[in-house]
Amino acid sequence: METMSVADFKIRQITFDCHDPSKLAEFWSAATVCEIAADYGDFVMVDSTPALGFQRVEDPTPGKNRMHIDGGGADREDLVERLKGLGATELGAHEAPGLVWTVMQDPEGNEFCVGSPDA
């Protein structure tokens, strides 16, 4: 059996199950300031790094995400306000030694975090 190196696997896209791929892709396109790369109706991709995919499913997984996106920018509080203006919901801010972050939800309830620049 051939051994794989770490370099053999690269994350190229994170895909969300959702009700409305176009609407959710528009939110994440605006949030990341990246273009929508492809729109196939039931599957839409945003040209971020890694790319973000949004696929229509009948019944997205209920409850809390098992994984989420962590991001940030130069001014966490301004970024949180901008994302809220795009349709995100702020769930709360948290701190740990050397870390500050805000937990948010996109318009379909997928949780993500916005951290301070050095987090």
Side-chain angles (χ1 to χ4, degrees):
M1 186 160 124
E2 190 175 322
T3 305
M4 267 178 61
S5 73
V6 175
D8 290 334
F9 182 79
K10 296 189 183 344
I11 296 175
R12 293 190 171 95
Q13 180 168 293
I14 297 169
T15 302
F16 293 80
D17 291 347
C18 58
H19 291 291
D20 189 341
S22 293
K23 183 178 177 183
L24 203 52
E26 286 174 16
F27 168 81
W28 282 102
S29 173
T32 60
V33 193
C34 293
E35 298 289 322
I36 292 177
D39 186 340
Y40 302 105
D42 286 341
F43 190 82
V44 182
M45 295 184 310
V46 172
D47 192 20
S48 57
T49 304
L52 299 175
F54 305 91
Q55 64 185 4
R56 184 182 321 276
V57 296
E58 290 296 317
D59 190 21
T61 305
K64 186 178 180 321
N65 308 33
R66 291 192 63 179
M67 91 169 129
H68 63 270
I69 293 173
D70 287 335
D75 185 325
R76 181 182 56 84
E77 292 170 352
D78 282 350
L79 187 53
V80 165
E81 290 306 312
R82 185 175 81 78
L83 293 167
K84 286 171 35 180
L86 294 172
T89 303
E90 181 178 354
L91 299 180
H94 303 277
E95 291 187 40
L99 299 172
V100 178
W101 70 97
T102 301
V103 178
M104 304 188 76
Q105 288 181 332
D106 71 17
E108 285 206 14
N110 298 298
E111 289 187 12
F112 64 100
C113 295
V114 179
S116 58
D118 10 337

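These numbers were taken from a predicted model, which means no experiment stands behind them.
Between Glu81 and Lys84 there is a salt bridge, with a side-chain nitrogen of the basic residue lying less than 4.0 Å from a carboxylate oxygen of the acidic one.
Note on Trp28 and Leu86: same hydrophobic cluster, where clusters join Ile, Leu, Val, Met, Phe, Trp and Tyr whose side-chain heavy atoms are under 4.5 Å apart, directly or indirectly. In the hydrophobic clustering of ILVMFWY residues, with side-chain heavy atoms under 4.5 Å counting as a link, Met45 and Leu24 come out apart. Residues Leu91 and Leu99 are members of one and the same hydrophobic cluster, defined by side-chain heavy-atom contacts under 4.5 angstrom among Ile, Leu, Val, Met, Phe, Trp and Tyr.
Shortest non-hydrogen contact noted between Gly53 and Phe43 is CA-CZ, 4.0 Å. The minimum heavy-atom distance between Ser116 and Arg76, with the atom names listed, is N-CD, 3.8 Å. For Pro107 against Phe27, the heavy-atom pair with the smallest separation is CD-CG, 3.5 Å. Taking every heavy atom of both residues into account, Gly41 and Pro21 meet most closely at O-CG, 3.9 Å. Considering every non-hydrogen atom in both Ala25 and Val44, the closest pair reads CB-CG1, 3.4 Å. For the residue pair Cys113 and His68, the shortest heavy atom distance occurs at SG-NE2, 3.7 Å.
The closest donor-acceptor contact from the side chain of Thr15 to the backbone of Phe54 lies at 3.5 Å or more, if one exists at all. A side-chain donor-acceptor contact under 3.5 Å links Glu108 to the backbone of His19.
Note that CG of Asp75 is 12.0 Å distant from CZ of Arg82, once rounded to the nearest 0.5 Å. Here the CG atom belonging to Asp17 is positioned 12.0 Å from the CZ atom belonging to Arg56, to the nearest 0.5 angstrom.
For the side chain to side chain contact (heavy atoms under 4.5 Å, CB included) criterion with Phe112, the lone passing option out of Val103, Thr102, Leu83 is Leu83.
In this structure, Gln13 and Leu52 have side chains that are not in contact, with every pair of non-hydrogen atoms separated by 4.5 Å or more. Between Asp20 and Ser22, some side-chain heavy-atom pair lies under the 4.5 Å cut-off.
Applying the 6.0 Å contact sphere to CD of Glu35 captures no more than 12 heavy atoms from other residues, nucleotides or ligands.
No side-chain N or O of Gln105 forms a donor-acceptor pair with one of Asn110 less than 3.5 Å apart.
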